[in-house]
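Worksheet for the structure shown next.
Per chain, numbering begins at 1; letters A, B, ... match sequence-line order.
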Number of protein chains: 2
Amino acid sequence: MKAASRPRRERLPRDERVGQIMTAARKIFREKGYEASSTAEIAVAAGVVEGTLYRYFPTKRDLLIKVVEEFYANIFSDYEAQLRGVRGTWNRLRFMIWKHLSVMHGDPDMCRLIVHELRPWPQYRQSSVFTLNQRYTQSTLAVVREGIANGEFRDDMPLRIVRDMIFGGAEHHTWAHLRDEGRFSPDEAADGITNMIYQGLARGGQGNSEAVGGPVKRLERAVRRLEGLTGPRRRNRKRA
Amino acid sequence: MKAASRPRRERLPRDERVGQIMTAARKIFREKGYEASSTAEIAVAAGVVEGTLYRYFPTKRDLLIKVVEEFYANIFSDYEAQLRGVRGTWNRLRFMIWKHLSVMHGDPDMCRLIVHELRPWPQYRQSSVFTLNQRYTQSTLAVVREGIANGEFRDDMPLRIVRDMIFGGAEHHTWAHLRDEGRFSPDEAADGITNMIYQGLARGGQGNSEAVGGPVKRLERAVRRLEGLTGPRRRNRKRA
DNA sequence: GTTAGTAAGTGAGTTGGACTCATTAAATGG
DNA sequence: CCATTTAATGAGTCCAACTCACTTACTAAC
């Protein structure tokens, strides 16, 4: 009677066990959300007992954070590299916005975890994920700065507002989809947001007395820039 | 020993008791957030025993919802009335955005409850608060519709995008303040967002779009195409 | 080999908070 | 003054995160 009940002990190296637990946690969290997932359930899925989770992750929340960190790492890889292949302010802006929306579109469950379950947490701004996210939004703002530097964009709009409207707009736009209660098209949304931001930042304030000179001057500048690009010039300066 | 322990029973009419409980709940929720508030604590603050809460509110969450509903009712009163006193599309838009930001600025704790604790909840979109919020955003979109109707705004931008950028932008902008980890100025933010939206929606040619907007738009498209061609082209746009 | 040290793994707890229910008693109305 | 209704109670139940004293597999020194 004792015979069969013994050999239930499989020791693995730390990293391997951590990997198993994170894989299980990612799966359960994605399926049911953070609150609705229990540590007992995650432990079963990982093939360990509940106490083992706590050897590697001090709290359930830390487990979520690690899972999200891993996700960010995947997103980042080849993000800036791809951007380097896109030319022109409108296109570069559109690319960044489109990429962001595509992530939300492609992995709504993980994004819901981040947006609805991790970010509202009181200590979010002290977490590593907050820092990762800052880096993320900065790479989009860099494109806006380029636009200001080359004269396409006005320089009197606080960058913070621009950032908030891009990412806030994208987030609100994707809400229903994150809850699996609606669709959106990353292409159409990216066009809409990009156009609003691009025109909103364009120099020469359309809609006032410069209504004619504004766009024409802007296009003249763009043409000059394009003429420059057809030559040996590769990249524009960062700041004026 | 039995003598003193008897007369602890004060019966109140339903509405009065409900009011007491909601007042206590609002206070505690605001101070500590939803998760960190316990029903026991709320009961003590309301001067009742825990079980009494559950006579009037089926769950702790329902209690939060009622508190938030009451808050919305206060916000709404004289909202549309005030708008009627503001003339001009820019001014009306700016008023609505400013008002929204002012609410976030003036009662960050309640707004944090709504944004960070109620909205992420899975059944939020089936709740009364969601409906209230829709009504709220619609009154701002009505101003945008007026602008389209009188020719100030273009009509080819999806209203949903405009809504998402206004409210998403406002929300992102106020995040730090909601957590008491940063400030913002409702005036400056309202100016920024309003200007972005206003210029972003402004018609190209202001009344003579055939003469100016047409060619300009065509040139803009050409410029964007050329910008794309100068680097490895990543994606085609949807718009013709 | 043997053995001591280390770290992986266990599972029976503890804790705390949301929610329930059988019971008590104040108000109400016939 | 009795019957009915319903506000109020508080002792419990249930469930999930987290703890801890202990057990056992692996490793390296001798």
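With rounding to whole Å, A/F29 atom CZ is found 12 Å from D/dA17 atom C1'. A/R14 places its CZ atom 18 Å from the P atom of D/dC26, with the value rounded to the nearest Å. Taking atom CD on A/E35 and atom P on C/dA18, their separation rounds to 12 Å, with Å as the unit. Atom C1' of nucleotide C/dC21 and atom CG of B/L53 are separated by 16 Å, given to the nearest angstrom. At whole-Å resolution of the value, CZ in B/R17 and P in C/dA26 are 14 Å apart. We find that CD1 of B/I21 is positioned 10 Å from C1' of D/dA8, with the value rounded to whole Å. What separates CD of A/E16 from P of D/dA25 is a distance of 18 Å, to the nearest Å. Atom pair A/I42:CD1 and D/dA17:P shows a separation of 8 Å (rounding to whole Å applied).
Residue-level contact check: A/S38 touches the backbone only, with heavy atoms under 4.0 Å from sugar-phosphate atoms and none from bases. Contacts of B/L12 with the nucleic acid, taken as non-hydrogen atoms under 4.0 Å apart, involve only primed sugar atoms and P, OP1 or OP2.
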>> Does B/W90 form a side-chain hydrogen bond (donor to acceptor under 3.5 Å, both in side chains) with B/N195? I'd like the steps, not just the answer.
In response: CA-CA 8 Å; B/W90 191 90; B/N195 284 333; 3.0 Å; yes
>> B/I65 vs B/F57, test: side chain to side chain contact (heavy atoms under 4.5 Å, CB included). Steps then yes/no.
In response: CA-CA 10 Å; B/I65 288 175; B/F57 303 94; over 6 Å; no
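By the 30° and 60° cut-offs, the orientation of the rings of B/Y124 relative to B/F130 is perpendicular. Ring pair B/Y34/B/F29 is tilted by interplanar angle, where 30° to 60° counts as tilted.
In summary, A/D180 and A/R112 do not engage in a salt bridge, as defined by a charged side-chain N under 4.0 Å from a carboxylate O. The residues B/D187 and B/R94 are annotated as salt-bridged, a charged nitrogen and a carboxylate oxygen being separated by less than 4.0 angstrom.
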Kindly give the atom pairs (protein nitrogen or oxygen, nucleotide nitrogen or oxygen) under 3.5 Å for nucleotides 4-6 of chain C.
none

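Summary of the strand contacts: B/G51 and A/G51 both lie near DNA chain C, and taking for each the nucleotide with the nearest heavy atom, the more 5' one is attributed to A/G51.
Scanning for ring pair (Phe, Tyr, Trp, His ring centres under 6.0 Å) contacts around B/F184 gives B/H105, B/H173, B/H177, with sequence neighbours left out.
Listed by residue number, A/Y54, A/T59, A/K60 are the residues of residues 54-63 of chain A with a heavy-atom contact under 4.0 Å to DNA chain D.
Within 6.0 Å of NZ in B/K60 there are more than 12 heavy atoms belonging to other residues, nucleotides or ligands.
Judged by a 6.0 Å distance limit and a 45° cone about the ring axis, B/R135 is positioned over the six-membered ring of B/F76.
Under 4.0 angstrom from either OP1 or OP2 of C/dA18 there lies at least one side-chain N or O belonging to B/T39. A sub-4.0 Å separation between OP1 or OP2 of D/dA7 and a side-chain N or O of B/T52 is absent.
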